[in-house]
Amino acid sequence: MIGTDIGHAAALLRAGKLVAIPTETVYGLAGNAFSLEAVSEIFAVKERPVFDPLIVHTADTGRLQELAVSVPDAALRLAERFMPGPLTLLLPKASLIPDLVTAGSPWVALRIPRHEMALSLLRMLDFPLAAPSANPFGYISPTTARHVEEQLGEKIPYILDGGPCQVGLESTIIGFPEGSLPVVYRKGGLGIEEIEEIVGEVVVQAHSSSNPMAPGMLKSHYAPRTPLVIGDIAALLRQYSGRRLGVLAFREGSPDVPISRQQVLAPSGDFGEAARHLFAAMRYLDALGLEVIAAELLPEQGLGRAINDRLRRAAAGK
Ligand code: TXA
Ligand code: MG
């Protein structure tokens with residue numbers, strides 16, 4: 001059921017049940033992070049392999065110190081500047097967090113969502129919420145309550161509707177390995193440039209599935225079921241002529257394809273607007289039963305880097 005009753009969501013979570021919650025990035029599938037039963041249920045509902053750890057959500061920066069053994073200086077400065085916001089910090093895990101949450105890793109991923117409804121809910125609870133994106137494992141993340149309902153509606157008792165996500169891309173994940181520059185393990189809703197303004201240079205290591213620090217970052221994540229190819233749209237139209245094709249464009253569509261089969265992310269050229277629309281656009285095109293989706297990359301800067309990362313993963317999916 002979809003609704004806006006935060007009290008009802010809190011009661012379900014206290015009873016060990018799962019609730020889909022809005023955040024500024026994507027919708028999360030939330031459960032009590034301290035409850036093994038709730039956390040196991042998250043993996044089951046998502047059909048997610050247990051080697052892929054969950055992000056733990058809390059409402060205020062003071063709680064970081066309880067959930068992590070220590071908080072490096074660079075992490076503190078990022079927290080002060082960007083939390084609440086689309087940023088996840090990998091910190092040494094406190095023992096009160098179950099190993100199942102972190103997939104046995106000594107690091108825990110902590111995040112404070114910048115969404116009033118999620119923050120109100122978290123403040124009503126005396127436990128943090130483990131919450132992966134509320135989609136079946138490997139599929140595109142949901143950015144509306146309706147997206148969640150379409151795929152998980154039968155499996156969870158309640159979806160808290162906080163409107164469309166204002167960022168639209170998952171959080172940027174950053175860790176602080178000893179003796180190294182900070183490492184970005186997932187490009188996301190907070191631009192690398194903004195992070196570097198606070199902590200100086202960072203290393204970006206956001207791709208491989210063999211990287212033990214980002215276990216969930218499989219190459220073929222975020223994939224629509226329809227094959228997606230990346231390139232120059234006009235060239236792709238020639239290459240795939242005669243096929244039922246859809247277009248996922250940045251600023252303008254193609255005059256040669258019916259508009260019902262096209263999604264233009266941001267006619268204004270604004271990267272934030274493109275990020276907000278990306279996953280809904282992929283879902284829309286995926287539902288048309290096309291043979292192929294032709295997509296173009298954005299300039300490799302700001303949020304364009306995270307958008308391109310998602311497009312490349314989607315292209316690797318099939
Ligand atoms: O924006 C977001 O981060 C959203 C919203 C709901 O908060 N959540 C999200 O969760 O994207 P999920 O489960 O789809 O992605 C979590 C990813 C994992 O796949 C993994 O790459 C990384 O976060 N992660 C989580 N805990 C980790 C840990 N202890 N060590 C390394 N990576 C971790
Ligand atoms: Mg996910």
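In each ligand, atom 1 is the first atom listed, and ligand 1 is the first ligand listed.
- Close N/O approach between Asp52 and ligand 1 is found [any backbone or side-chain N/O within under 3.5 Å].
- Considering backbone and side-chain N/O atoms, Lys46 never comes within less than 3.5 Å of an N/O atom of ligand 1.
- Note on Ser141: not counted as a metal contact of the Mg ion (ligand 2), no N/O/S atom lying under 2.8 Å.
- Atom 2 (C) of ligand 1 has its nearest heavy-atom neighbour, among Ser171, Pro142, Ala20, Cys165, in Ser171.
- At a 4.0 Å heavy-atom cut-off, ligand 1 does not touch Glu24 at all.
- Judged by distance alone, the side chains of Tyr27 and Asn135 never bring a donor and an acceptor atom under 3.5 Å apart.
- For the residue pair Arg111 and Thr25, a side-chain donor N or O sits within less than 3.5 Å of a side-chain acceptor on the partner.
- Of the possible polar contacts, none joining the Gln166 side chain to the Glu24 backbone as a donor-acceptor pair under 3.5 Å is found.
- Counting only non-hydrogen atoms, the option in Ser105, Ala131, Gly188 that gets closest to atom 8 (N) of ligand 1 is Ala131.
- Considering both main-chain and side-chain atoms, Thr102 never comes within under 3.5 Å of ligand 1 through any nitrogen or oxygen pair.
- The nearest pair of heavy atoms linking Val39 to Asn32 is CG2-O, 3.6 Å.
- The option with the heavy atom closest to atom 28 (C) of ligand 1, from among Val101, Leu90, Leu54, is Leu90.
- One side chain, Asp286 or Thr226, offers a donor N or O that lies under 3.5 Å from an acceptor on the other.
- Atoms of ligand 1 lying under 4.0 Å from at least one heavy atom of Ala109, given by number and element, are 25 (C), 26 (N), 27 (C).
- Distances from atom 4 (C) of ligand 1 to the heavy atoms of Val26, Val108, Ile97 show the closest one on Val26.
- Between Lys93 and ligand 1 there is no heavy-atom distance shorter than 4.0 Å.
- Counting the atoms of ligand 1 from 1 in the order shown, those under 4.0 Å from a heavy atom of Ile173 are 17 (C), 22 (C), 23 (O).
- Looking only at atom types and distance, the side chain of Glu300 has a donor-acceptor partner in the side chain of Asn308 under 3.5 Å away.
- Residues Arg186 and Gln205 bring no donor and acceptor atom of their side chains to less than 3.5 Å of each other.
- The ring of Phe250 has its center closer than 6.0 angstrom to the ring center of Phe271.
- Note: no N/O pair closer than 3.5 Å links Tyr27 and ligand 1 by distance alone.
- Judged by distance alone, the side chains of Asp270 and Ser268 never bring a donor and an acceptor atom under 3.5 Å apart.
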